[in-house]
Amino acid sequence: MTKNNKLMLVATIIFVLIALPSLYLFDQKVRSDVYNSAQIELKRELETKSLSLKKHLKDSVTAIRFLDATPPIQGITRAKENKLIDPVLGTPIDVWQERLASIFTGFMQTDDSILQARYIMLEDGGQEIVRVDRNQLGEINRLQGLQLQKKGQRDYIIKASMLDKESVYISPINYNRENGQIQEPYISTFRVAKPVFDENNKIFAILVTNYFADKLLEDLTVESPQGTQIYLMNNEGEFLYHPNPQLRFSFEFNKTKTWSEEFSTATTMTEQGTLPISNYPVAYTLKKRISFEGDIAMLPLELGVSVDTKNIVCKGE
């Protein structure tokens with residue numbers, strides 16, 4: 001090897017030794033920037049979907065408060081406690097019930113996400129006395145006589161009966177049940193319930209609206225960025241919505257799969273995180289607790305988002 005060649009080799013080695021740390025730092029910064037950019041996008045998606053979910057639930061609370069303020073609610077209460085005649089207006093209880101059924105019907109015609117509207121007396125085992133349903137064809141009908149059921153042992157009746165005048169209860173999301181059995185075809189629903197008090201400030205009845213949960217779930221999945229998936233879980237971490245339809249509401253059939261079983265802690269994005277050089281997870285995730293304070297009683301929900309790591313890597317190339 002000539003002297004010049006040796007000098008060139010030494011110069012090359014020195015250059016590589018000097019450049020390697022810089023290249024490593026540059027690569028590390030690129031991976032960190034790509035990771036942080038993906039995290040910001042996931043946070044934005046999570047916040048957007050969270051606001052949509054909370055608005056949907058708050059709208060249902062506003063609706064039941066409107067129904068609670070209509071005249072038949074107290075008219076039925078007064079009539080029931082006065083030999084079935086309202087002493088204030090002289091109106092028989094069956095007339096008040098007919099008027100309430102008409103209000104329920106009109107209200108449901110303006111909001112196709114309502115499955116049922118009911119007025120349930122706490123006495124006699126939680127007997128439904130006014131009920132209007134939407135059937136599978138979308139037709140709205142009043143149920144009467146033997147079609148009315150006793151709901152006193154249902155969780156949403158028990159929970160609502162513990163509330164004060166201003167509070168509203170939102171039940172967990174699950175499949176609708178009739179006469180104690182899961183209705184088929186399956187209908188995902190949540191119930192909004194508000195206590196009705198009599199003139200002596202004692203709880204007399206529970207006003208209940210059942211909502212199709214499908215509308216709420218559909219709104220969560222629209223206009224999501226490519227490679228991003230949405231998940232909704234109940235307070236036990238069980239999937240209400242999952243990209244895989246087989247995992248939705250599996251808890252109703254004792255086949256529960258939870259968020260923690262689907263994703264390891266290694267997938268959770270962190271403030272100081274970065275893309276590893278290799279062996280990165282298939283997806284990265286974030287999730288957020290959805291809850292209310294004050295006069296809305298509801299078990300928390302969890303909203304989750306994931307992004308395919310390949311999408312993140314491709315953006316960084």
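Given the structure is predicted, the values throughout are model-derived calculations rather than measurements.
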Practice item. List in chain and number order the residues that pass salt bridge (Lys or Arg N to Asp or Glu O under 4.0 Å) with Glu271, two or more places apart in sequence or in another chain; answer none if no residue qualifies. Key: Lys43
Exercise for review: Kindly say whether Gly138 contributes a backbone atom to a donor-acceptor pair with the side chain of Asn135 at under 3.5 angstrom?
Suggested key: yes
Practice item. Please name all residues satisfying ring pair (Phe, Tyr, Trp, His ring centres under 6.0 Å) with Phe190, sequence neighbours left out, ordered by chain then number. Key: Tyr211
Exercise for review: Indicate if Trp96 and Ile85 have the same hydrophobic cluster label, given that clusters are the connected sets of ILVMFWY residues with side-chain heavy-atom separations under 4.5 angstrom.
Suggested key: no
Review point. Which salt bridge (Lys or Arg N to Asp or Glu O under 4.0 Å) pairs, counting each pair once, include a residue from residues 196-215, with sequence neighbours left out?
Key: Lys215-Asp219
Exercise for review: Could you walk me through whether Thr209 and Leu67 pass side-chain contact (heavy atoms from CB on, under 4.5 Å), step by step?
Suggested key: CA-CA 10 Å; Thr209 48; Leu67 291 173; 3.8 Å; yes
Check your understanding: Who pairs with Phe249 by ring pair (Phe, Tyr, Trp, His ring centres under 6.0 Å), at least two apart in sequence or on another chain?
Key -> Tyr175, Phe251
Review point. Does the side chain of Ile182 come within less than 4.5 Å of Asn176's, by heavy atoms?
Key: no
Point to revise | Ser50 and Lys54, any side-chain heavy atoms less than 4.5 Å apart | key: yes
Point to revise | Counterpart residues, ring pair (Phe, Tyr, Trp, His ring centres under 6.0 Å), relative to His242 (two or more places apart) | key: Tyr231, Phe239
Review point. Got Leu207 and Ile64 here, is their nearest side-chain heavy-atom distance under 4.5 Å?
Key: yes
Exercise for review: Assess whether atom CD of Glu139 is packed by more than 12 heavy atoms of other residues, nucleotides or ligands within 6.0 Å.
Suggested key: yes
Point to revise | Thr267 side, atom OG1; Glu262 side, atom CD - distance, nearest 0.5 Å | key: 9.5 Å
Review point. Quick one: does Arg131's side chain get under 4.5 Å of Asp133's, heavy atoms only?
Key: yes
Exercise for review: Any chance you could lay out the salt bridge (charged side-chain N to carboxylate O under 4.0 Å, His left out) test for Lys80 and Glu123, step after step, and finish with the verdict?
Suggested key: CA-CA 11 Å; Lys80 183 65 178 176; Glu123 67 176 40; 3.5 Å; yes
Review point. Would you say the side-chain atoms of Glu47 pair up with the backbone N or O of Arg44, donor to acceptor, closer than 3.5 Å?
Key: no
Point to revise | Any side-chain heavy-atom pair of Ile40 and Glu45 under 4.5 Å | key: no
Point to revise | Gln74 side chain vs Phe197 backbone, donor-acceptor pair below 3.5 Å | key: yes
Exercise for review: Please step through ring-ring contact (aromatic ring centres under 6.0 Å, His included) for the pair Tyr119 and Phe104, ending with a clear verdict.
Suggested key: CA-CA 10 Å; Tyr119 186 102; Phe104 283 168; 7.9 Å; no
Exercise for review: Could you tell me whether Lys194 and Asp295 have a side-chain N and a carboxylate O separated by less than 4.0 Å?
Suggested key: no
Review point. Going through the distances and angles, do Arg191 and Thr189 end up as a side-chain contact (heavy atoms from CB on, under 4.5 Å)?
Key: CA-CA 7 Å; Arg191 302 152 191 88; Thr189 184; 3.5 Å; yes
Point to revise | Heavy-atom neighbours of Leu146 CG exceed 12 at 6.0 Å | key: no
Check your understanding: Are side-chain N/O atoms of Asp155 and Tyr169 paired as donor and acceptor at under 3.5 Å?
Key -> yes
Exercise for review: Let me see the working for Glu252 and Arg177 under salt bridge (charged side-chain N to carboxylate O under 4.0 Å, His left out), right down to the final yes or no.
Suggested key: CA-CA 11 Å; Glu252 290 281 27; Arg177 286 165 169 77; 2.7 Å; yes
Exercise for review: For Gln39 and Thr270, indicate whether the former's side chain and the latter's backbone hold a donor-acceptor pair under 3.5 Å.
Suggested key: yes
**Study point:** Donor-acceptor side-chain pairing of Ser167 and Asp164 below 3.5 angstrom
**Key:** yes
Check your understanding: Ignoring hydrogens and geometry, is there a side-chain-to-backbone donor-acceptor pair from Lys49 to Leu220 under 3.5 Å?
Key -> yes
Review point. Are any of the side-chain nitrogens in Arg118 or Glu128 under 4.0 Å away from the carboxylate oxygens of its partner?
Key: yes
Review point. Name the one of Thr70, Thr91, Val130 that satisfies side-chain contact (heavy atoms from CB on, under 4.5 Å) with Arg99?
Key: Thr91
Exercise for review: For the residue pair Arg134 and Asn141, confirm or rule out a side-chain donor-acceptor distance under 3.5 Å.
Suggested key: no
Check your understanding: Does the Ser60 side chain pair with the main chain of Leu57, one donor and one acceptor, at a distance under 3.5 Å?
Key -> yes
Review point. Do the side-chain N and O atoms of Gln149 and Gln127 include a donor-acceptor pair separated by under 3.5 angstrom?
Key: no
Check your understanding: Just by modelled atom types, is the Asp86 backbone N or O under 3.5 Å from a matching donor or acceptor in the Asn82 side chain?
Key -> no
**Study point:** Side-chain donor or acceptor of Arg65 paired with backbone N/O of Glu166 under 3.5 Å
**Key:** yes
**Study point:** Flag, side chain of Thr309 to backbone of Val282, donor-acceptor distance under 3.5 Å
**Key:** yes
Review point. Checking side-chain contact (heavy atoms from CB on, under 4.5 Å) for the pair Met233/Thr258: CA distance, chi angles, key distance, verdict?
Key: CA-CA 8 Å; Met233 292 77 69; Thr258 65; over 6 Å; no
Practice item. Please name all residues satisfying salt bridge (Lys or Arg N to Asp or Glu O under 4.0 Å) with Asp112, sequence neighbours left out, ordered by chain then number. Key: none
Review point. Does any N or O in the side chain of Ser52 come within less than 3.5 Å of the main-chain N or O of Thr48, such that one atom is a donor and the other an acceptor?
Key: no
